[in-house]
S.K.: 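Below you'll find the structure I mean.
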Amino acid sequence: MAISLSVVLLLAIVLVVLMRGGSLKAGPAIVAVLFGFFLASTGMAPAINNFLNSVADSVSAIKF
């Protein structure tokens with residue numbers, strides 16, 4: 001839960017920065033948000049969640 005919340009927060013920050021910087025206009029931003037919202041309700045959501053969890057586990061296992 002903490003990982004998915006932080007990913008959502010990170011993506012929201014990136015979206016706001018892109019909109020304020022002029023790289024992304026309001027229309028495409030709304031489409032991106034709606035796409036993510038509707039993608040979360042499809043059958044692909046568990047697979048995407050598993051993939052992101054495995055990436056987060058792999059990154060956290062890296063020792064510097």
Side-chain angles (χ1 to χ4, degrees):
M1 180 66 169
I3 291 175
S4 64
L5 182 60
S6 60
V7 169
V8 168
L9 183 61
L10 175 68
L11 291 174
I13 291 170
V14 168
L15 189 61
V16 168
V17 168
L18 286 173
M19 285 180 63
R20 290 192 51 97
S23 299
L24 185 65
K25 302 296 181 203
I30 292 171
V31 170
V33 169
L34 288 174
F35 174 72
F37 178 76
F38 288 115
L39 183 64
S41 65
T42 65
M44 288 181 58
I48 293 170
N49 193 19
N50 289 338
F51 171 73
L52 291 176
N53 283 336
S54 65
V55 169
D57 290 340
S58 298
V59 169
S60 67
I62 295 174
K63 304 286 185 201
F64 292 104

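Only a predicted model underlies this, so the values are computations on that prediction, with no experimental measurement involved.
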S.K.: Shortest non-hydrogen contact from Ala45 to Ala40?
M.R.: CB-O, 3.2 Å
S.K.: Roughly how far apart are Asp57 CG and Leu52 CG, rounded to 0.5 Å?
M.R.: 11.0 Å
S.K.: Rounded to the nearest 0.5 Å, what separates atom CG in Leu15 from atom OG in Ser23?
M.R.: 11.5 Å
S.K.: Look at the side-chain heavy atoms of Ile, Leu, Val, Met, Phe, Trp and Tyr, link any pair under 4.5 Å apart, and say whether Ile30 and Phe38 land in one connected group.
M.R.: yes
S.K.: In this structure, would Phe51 and Phe35 fall into the same cluster of hydrophobic residues linked by side-chain contacts under 4.5 Å?
M.R.: yes
S.K.: Can you name the nearest heavy-atom pair linking Met19 to Ala29, along with the distance?
M.R.: SD-CB, 3.5 Å
